[in-house]
Enquirer: 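This is the structure I have questions about; it appears just below.
As the structure lists them, so they are numbered: ligands from 1, and atoms in each ligand from 1.
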Amino acid sequence: MEQKTYIMIKPDAVARGLIAPILQRFEDTGLGIERLELGTLTREQAEENYREHEGKPFYPGLIDYITAGPVVKMVLTGPDSVMVCRKLMGATNPRDAAPGTIRGDYGLIVDANVVHGSDSAESAKREIAIFFGD
Ligand code: IDP
Ligand code: MG
């Protein structure tokens with residue numbers, strides 16, 4: 001099923017100079033890049049994106065971290081892009097993420113886990129609207 005997903009290279013990965021190798025992983029899937037932008041999230045955008053986690057103990061730290069520096073925001077398109085990207089990213093906690101996945105290869109702690117990817121087609125629509133306004 002042709003589908004869009006919202007992907008973000010998080011501030012820790014951008015600060016470490018990992019934009020190119022991570023972007024390569026996504027390009028290697030064959031998915032198309034429809035939008036691509038470097039920028040720093042506003043607190044409002046961060047809170048809206050992570051609304052489902054409001055009230056959890058890690059939420060304030062998550063908002064601080066995700067707004068701490070520039071991120072790479074992108075929209076990828078192609079067959080089952082949501083699932084393809086989630087598999088490529090690996091488990092939320094990099095210590096549980098398999099080697100060969102982006103989080104497994106580049107991440108170490110759950111607080112700074114390198115990449116974000118939408119978890120469903122509905123989330124993708126919502127997140128693309130937050131970050132690209134359409
Ligand atoms: P996901 O990014 O794999 O969809 P979610 O459970 O939706 O994982 O969590 C969103 C983000 O919140 C994670 O990517 C991570 O940055 C952060 N996070 C999740 N659980 C924890 C935690 O226990 N401690 C610190 N940060 C967390
Ligand atoms: Mg999630």
Enquirer: Are any of the heavy atoms in Asp119 under 4.0 Å away from ligand 1?
Expert: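 It does not; every heavy atom stays at 4.0 Å or beyond.
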
Enquirer: For Leu62, counting its heavy atoms only, list the atoms of ligand 1 lying under 4.0 Å from any of them.
Expert: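 Checking each atom against Leu62, I get 12 (O), 16 (O), 17 (C).
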
Enquirer: Tell me the protein heavy atom at minimum distance from atom 18 (N) of ligand 1, and give that distance in Å.
Expert: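 Going atom by atom, the protein heavy atom closest to atom 18 (N) of ligand 1 ends up being Phe58 CE1, 3.6 Å.
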
Enquirer: Considering residues, nucleotides and ligands other than Lys87, do more than 12 of their heavy atoms fall under 6.0 Å from its NZ?
Expert: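 No, because the 6.0 Å sphere around NZ of Lys87 holds 12 heavy atoms or fewer from other groups.
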
Enquirer: Answer yes or no: is there an ion pair linking Glu48 with Arg51, defined by an N-O contact shorter than 4.0 Å?
Expert: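 Yes, charged N to carboxylate O under 4.0 Å.
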
Enquirer: What's the shortest heavy-atom distance between Val14 and Val71, and which atoms?
Expert: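 Answer, listing the atom of Val14 first, then Val71: CG2-CA, 4.0 Å.
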
Enquirer: Where is the tightest heavy-atom contact between Thr5 and Ser81, given as atom of each residue plus distance?
Expert: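 Closest approach of Thr5 to Ser81, heavy atoms only: N-OG, 3.6 Å.
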
Enquirer: Distance from Lys125 atom NZ to Ser120 atom OG, nearest 0.5 Å?
Expert: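 Between Lys125 NZ and Ser120 OG, I get 11.5 Å after rounding to 0.5 Å.
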
Enquirer: Distance check, rounded to the nearest 0.5 Å: Cys85 atom SG versus Leu31 atom CG?
Expert: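 Rounded to the nearest 0.5 Å, the SG-CG separation comes to 5.0 Å.
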
Enquirer: Starting from atom 14 (O) of ligand 1, locate the nearest protein heavy atom and write down its residue, its atom name and how far away it is, to 0.1 Å.
Expert: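 Closest protein heavy atom to atom 14 (O) of ligand 1: Asn113 ND2, 2.8 Å.
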
Enquirer: In terms of residue, atom name and distance, what is the protein heavy atom nearest to atom 8 (O) of ligand 1?
Expert: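 Nearest neighbour among protein heavy atoms for atom 8 (O) of ligand 1, to 0.1 Å: Thr92 OG1, 3.2 Å.
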
Enquirer: Which residue and atom name correspond to the protein heavy atom nearest atom 4 (O) of ligand 1, and how close is it?
Expert: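 In this structure, atom 4 (O) of ligand 1 has Arg86 NH1, 2.9 Å as its nearest protein heavy atom.
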
Enquirer: Evaluating non-hydrogen atoms only, which member of His53, Lys10, Glu52, Arg103 is closest to atom 2 (O) of ligand 1?
Expert: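 Minimum heavy-atom distance to atom 2 (O) of ligand 1 goes to Arg103.
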
